Amino acid sequence: MATTPLLPDSRTEPDGSAVIRVLSYNIRSMYDDTDALARVITACAPDLVLVQEAPRFFRWRKKLARLASASGLVVLCGGATAAGPAILCSLRATAERTEDVLLPLTPGLHRRGFATAVVRFGRARLGVLSCHLSLQKDERYAQGGMLLDRLAGMGVEHAVAGGDLNERPDGRTFRRLAGGRLTDCRTAAPWGGEYTSTPADPHQRIDALFTTEGVEVLGCGVPHDQPGVTGADLRAATDHLPVLAALRVPAA
């Protein structure tokens, strides 16, 4: 029976470039099986986790820190201070700076935000942005433009952005992001599964990772065949499937 080849392990190359693993995951405020969630994250061995729907209310910092610790990671930024998006990282990453950004509030709709950071892996320097875009199409499109502007203003040559877009690849916001300034990692190097919603009935891709020019995508998709990731855990952990990518980031 054919199996999906494994993504490359994290490493530093002789030329100073870094191969890293990035995971994007909507964790539904940790309302589901947090042990299963931690097992999935741990099995994916990520250097960075772009979280959506991190806990935002009572003891939210403690809950997010507990998930990070159970997954062998630390909390870099985000959570309630970014209206839900957060970034976790391994100790391999060195943080230069972080910023939680609240987006303009549309009356009657949920507050949205970005969790952002600049990190280094040896000589490789990378901007990072986690997002959860609006359910309302016009607001979502405007937020897509804000995402592009935010990446352009981070002062880095290379960046990765991702999250729950609440939109499929044929939608205008998704196309705006993947329309030239960013690369849709799944399209560039398909690996694993395609659809991210829902775990019980995967039928649409509404979660994605994007990179700026110069970052090589080695593979990207839902890690169904990743050792240690089980279908039972994916279904129990939350109401989205994660997106895992291996990227090669050039040395600065």
Side-chain angles (χ1 to χ4, degrees), residues 3-25 38-51 68 71-78 86-98 115-131 151 154-163 177-178 181-194 196 205 207-229 241-252:
T3 59
T4 304
L6 299 181
L7 291 179
D9 292 331
S10 302
R11 63 180 183 269
T12 300
E13 304 284 26
D15 64 359
S17 64
V19 174
I20 66 170
R21 287 181 168 219
V22 182
L23 188 73
S24 181
Y25 210 173
R39 285 194 294 268
V40 171
I41 294 173
T42 301
C44 290
D47 298 289
L48 296 165
V49 183
L50 281 54
V51 173
S71 307
L73 305 169
V74 297
V75 179
L76 185 56
C77 61
I87 301 173
L88 312 181
C89 68
S90 71
L91 295 180
R92 184 174 177 234
T94 299
E96 285 191 9
R97 65 178 189 268
T98 65
T116 73
V118 176
V119 299
R120 288 183 289 107
F121 296 91
R123 291 168 49 201
R125 187 166 179 259
L126 186 70
V128 189
L129 185 152
S130 177
C131 69
L151 289 181
M154 290 181 73
V156 294
E157 184 176 359
H158 303 111
V160 60
L177 297 179
R181 293 172 64 180
L182 300 179
T183 296
D184 173 15
C185 294
R186 170 69 191 182
T187 299
W191 170 90
E194 178 179 5
T196 64
R205 180 162 78 100
D207 305 83
L209 287 165
F210 301 90
T211 60
T212 54
E213 185 176 359
V215 177
E216 182 183 359
V217 183
L218 305 176
C220 179
V222 177
H224 289 295
D225 293 331
Q226 179 73 21
V229 175
L241 292 171
V243 180
L244 177 64
L247 309 174
R248 180 178 284 112
V249 184

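Quick caveat: nothing in here was measured; it's all calculated off a predicted structure.
- Contact between Arg125 and Ala252 at its shortest, heavy atoms only, is CB-CB, 4.2 Å.
- Here the side chains of Val119 and Leu76 are in contact, with some heavy-atom distance below 4.5 Å.
- Rounding to the nearest 0.5 Å gives a distance of 11.0 Å between CG of Leu7 and CG of Asp225.
- When all heavy atoms of Val19 and Pro8 are compared, the closest pair comes out as CG1-CB, 4.2 Å.
- Looking only at side-chain heavy atoms (C-beta outward), Arg205 and Asp184 come within less than 4.5 Å of each other.
- With Arg21 contributing its side chain and Cys44 its backbone, the two residues share a donor-acceptor pair below 3.5 Å.
- Nearest heavy-atom pair, Pro242 versus Val40, reported as atom, atom and distance to 0.1 Å: CG-CG1, 4.1 Å.
- The backbone N or O of Gly122 sits nowhere less than 3.5 Å from a side-chain atom of Arg92 that would complete a donor-acceptor pair.
- Using a 4.5 Å cut-off on side-chain heavy atoms (C-beta onward), Thr196 and Val222 make contact.
- Other residues, nucleotides and ligands contribute over 12 non-hydrogen atoms within 6.0 Å of the CD atom of Glu96.
- Residues Leu91 and Val74 meet the side-chain proximity criterion, which asks for heavy atoms closer than 4.5 Å.
- Arg186 contributes a side-chain N or O that, together with a main-chain N or O of Gly193, makes up a donor-acceptor pair within less than 3.5 Å.
- For the pair Trp191 (side chain) and Leu218 (backbone), a donor-acceptor distance under 3.5 Å is absent.
- Of all heavy-atom pairs between Gly162 and Leu209, the closest is CA-CD2, 4.0 Å.
- Each of Asp47, Leu247, Thr211, Ile20 was evaluated against Leu126; a single residue qualifies, Ile20, per the side chain to side chain contact (heavy atoms under 4.5 Å, CB included) test.
- Side-chain atoms of Arg181 and Thr212, non-hydrogen and from C-beta on, never get closer than 4.5 Å to each other.
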Stepwise side-chain contact (heavy atoms from CB on, under 4.5 Å) test for Val215 and Thr183 = CA-CA 9 Å; Val215 177; Thr183 296; over 6 Å; no
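- Enclosure of atom CD in Glu194 by more than 12 non-hydrogen atoms of other residues, nucleotides or ligands within 6.0 angstrom is indicated.
- Nearest heavy-atom pair, Ala115 versus Cys77, reported as atom, atom and distance to 0.1 Å: CB-SG, 4.1 Å.
- From Leu241, atom CG reaches atom CG of Asp207 across 8.0 Å, with rounding to the nearest 0.5 Å.
- With rounding to the nearest 0.5 Å, the separation of OH in Tyr25 from OG in Ser130 is 14.0 Å.
- For the atom pair CG of Leu129 and CE of Met154, the computed distance is 6.5 Å after rounding to the nearest 0.5 Å.
- Nearest heavy atom pair, residue Pro190 against residue Thr187, reads CD-O, 3.8 Å.
- Proximity of a side-chain donor or acceptor of Ser24 to a complementary backbone N or O of Val243 within less than 3.5 Å is not detected.
- With contacts defined as side-chain heavy-atom distances shorter than 4.5 Å, the pair Leu88/Pro46 does not qualify.
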